[in-house]
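Comments concern the structure below.
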Protein chains: 2
Amino acid sequence: MQYRIMFEQDPRNKQRRRAPSARSLQTRARILDAAERIFAERGFEGASVRDIAARAGVPAGLVHHHGGGKAELFRRTVARRADELSALRLGALETCRAAGPLTLSAVLTAFAGPFFHQVRQGGPQWSAYARLVAHVSADPRWRPIAAECFDPTAARFIDEIAALFPDADRQRIATGLVYSVAAMLAHLTSGWRVGALDGSGGEGATDLDRLVAYCAAGIEAAIHCAGKSE
Amino acid sequence: MQYRIMFEQDPRNKQRRRAPSARSLQTRARILDAAERIFAERGFEGASVRDIAARAGVPAGLVHHHGGGKAELFRRTVARRADELSALRLGALETCRAAGPLTLSAVLTAFAGPFFHQVRQGGPQWSAYARLVAHVSADPRWRPIAAECFDPTAARFIDEIAALFPDADRQRIATGLVYSVAAMLAHLTSGWRVGALDGSGGEGATDLDRLVAYCAAGIEAAIHCAGKSE
DNA sequence: GTCTATATGTAGATAGAC
DNA sequence: GTCTATCTACATATAGAC
């Protein structure tokens, strides 16, 4: 039998609550799923709390109750899968390291692969999440959210790349990773564009290997480029 | 707020009008400038016609009169500089061609350079325009606008690159250009990110040469990569 | 073309019953 | 926790005087 041991000494923990019921957790998950879809589809302002509530099948008041307001709901929606994604990325990195000496392509595959795989195999919610991240990434207003959710892991991968190129300027590596993230998000969200521009309209454009090849060659070139500043 | 997004593209709706007065043209330009700033800053739904009117220094009614409604105003705002940008890009391409045999780097410089230069030298309106284009590019709802404003020129540059690599799969080239556009927009809009991730907070991250080096190497790698599909 | 006033709908948020 | 009803603010859009 398990029961809760609680201490009341710490005033900061005064707002500790009972463990949420299974129903409550389910409701929260439904709301987050709905928010993920609607925010991804229409952006922050384009989405309405009412529409999110309707998709989740709950009254609008519950969305405020569980989400903490629209802006906080947005932040929580981004943060939820960011934690999972970071764990997958760091796990992939360690798996690569255990398999042998790291290469730039391996590091980039560890970075992009998990997101890529989840979008392809993880169901429509992950596909929506990719579009949501693209919104966050494209809009400087969400910089605090991006910093909270993605910067620590990004910095970790910059460290790994920097270790592979000891003489490289760290800023160039960071720039290269920013470009690569942009390319990755373009891939994950804009398959239509690849098809439309070359007239084939085909589906076969999503290819992790080619994305990694692009990013790895690009980063190496950016590191070694002697380009002058304007 | 949610509503239908519609565009006035039907040629049957064309009526012949008198030549607009100088004052009218000036008012239209002020409204487009204001819309460019506000749409870039807050996205389509986050922007309000009232805020645009306030920034332009005109009554809100005039924005509707000249802009044709919010959605149509958005489309016109994107299209205005797109025409100028396309002309600059195609001009740069012909200048390069006249100077000697084209290279991939030269083609990419002709593509990215004019936008890059306008953002750096063309004043705050061009900087806002880059953020606006990033919004358009990140949101599939604006696909019709992107197709109208950017696809013809993009297809032209794909042709040029395809001519340089006669044996290359055209779809791979298109994919590489999509990645490169994403990287270019990330560069033009997210200087903060480059600084924040490597801890320097510096400004010197904008460098056309390095961007082109990144994109050129990436595209070549994507073309030649033997990567299997998943 | 310009500007004021206003029509009409919807937004986020909350109070309070259950 | 859940849900109904509602408050207040602000959105787009237009009618009509000048």
Side-chain angles (χ1 to χ4, degrees), chain A residues 4 15-39 41-77 135 141-142 145, chain B residues 1-8 13 15-35 37-39 41-77 135 141-142:
Chain A
R4 170 172 286 272
Q15 28 184 325
R16 185 174 290 276
R17 294 166 200 164
R18 289 199 313 275
S21 68
R23 170 122 189 256
S24 172
L25 288 176
Q26 192 184 6
T27 301
R28 280 169 189 244
R30 288 166 56 85
I31 289 172
L32 284 175
D33 285 347
E36 195 163 62
R37 296 286 201 107
I38 305 285
F39 281 137
E41 199 175 297
R42 308 178 202 170
F44 178 74
E45 286 90 357
S48 79
V49 173
R50 290 175 146 80
D51 289 342
I52 292 169
R55 177 176 263 270
V58 300
L62 262 197
V63 175
H64 279 91
H65 181 79
H66 286 294
K70 190 185 182 185
E72 172 64 13
L73 174 63
F74 186 79
R75 196 194 63 77
R76 290 182 193 177
T77 306
H135 279 294
R141 289 176 300 166
W142 307 123
I145 294 179
Chain B
M1 178 178 301
Q2 183 163 16
Y3 47 85
R4 291 179 59 87
I5 295 173
M6 294 181 61
F7 308 111
E8 296 177 351
N13 293 345
Q15 331 175 0
R16 185 160 293 280
R17 293 166 200 166
R18 288 201 314 275
S21 68
R23 169 124 188 256
S24 172
L25 288 175
Q26 191 185 6
T27 301
R28 280 169 188 247
R30 287 166 57 84
I31 289 172
L32 284 175
D33 285 347
R37 296 287 200 108
I38 305 285
F39 280 136
E41 200 174 296
R42 307 177 205 172
F44 178 73
E45 285 90 357
S48 79
V49 174
R50 292 168 129 84
D51 289 342
I52 291 169
R55 177 175 264 270
V58 302
L62 264 197
V63 175
H64 280 91
H65 181 79
H66 286 293
K70 190 185 181 184
E72 173 63 14
L73 174 63
F74 186 79
R75 194 194 64 79
R76 290 181 192 177
T77 306
H135 279 293
R141 289 176 301 165
W142 307 124

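Keep in mind the model is a prediction, meaning the values are calculated, not measured. The sequence lines fix the lettering, A, B, ..., with proteins before strands; numbering per chain opens at 1.
Rounded to whole angstrom, the span from the CG atom of A:L73 across to the C1' atom of C:dA11 amounts to 15 Å. Per the geometry, CD1 belonging to B:I38 stands 16 Å off P belonging to D:dC10, to the nearest Å. Straight-line distance from the CD1 atom of A:I52 to the C1' atom of C:dA11: 12 Å, rounded to whole Å. In this structure, A:E45 places its CD atom 11 Å from P of D:dA11, rounding to the nearest Å. Between the NE2 atom of B:H65 and the C1' atom of C:dG1 there is a distance of 6 Å, given to the nearest Å.
Atom-to-atom distance recorded for B:F39:CZ and B:K70:NZ is 6.0 Å, nearest 0.5 angstrom. For the atom pair CZ (A:R37) and CG (A:L32), the distance works out to 13.5 Å, reported to the nearest 0.5 Å.
Proximity of A:T27 to the phosphate of D:dT2: a side-chain N or O atom is located under 4.0 Å from OP1 or OP2. Note on A:H64: a side-chain N or O is less than 4.0 Å away from OP1 or OP2 of C:dA13. Contact annotation: B:H66 side-chain N/O to C:dT2 OP1/OP2 distance is under 4.0 Å.
Considering only side-chain atoms of A:P59, the nucleotide from D:dT2, C:dG1, D:dT4 that sits closest is D:dT4.
Ring orientation note: the planes of A:W142 and A:F74 are tilted relative to one another, at an angle of 30° to 60°.
Between A:G68 and B:L62, the residue anchored nearer the 5' end of DNA chain C, judged by the nucleotide with its closest heavy atom, is B:L62.
No contact: B:A53 has no heavy atom under 4.0 Å from any strand.
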Can you list, pair by pair, the side-chain donor-acceptor contacts under 3.5 Å of residues 51-62 of chain B, counting residues two or more places apart and other chains?
residue : atom : partner : partner atom : Å
B:D51   : OD2  : B:R42   : NH1          : 2.5
B:D51   : OD2  : B:S48   : OG           : 3.2

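Contact annotation: side chain of B:R23 to base of C:dG1, donor-acceptor pair absent below 3.5 Å.
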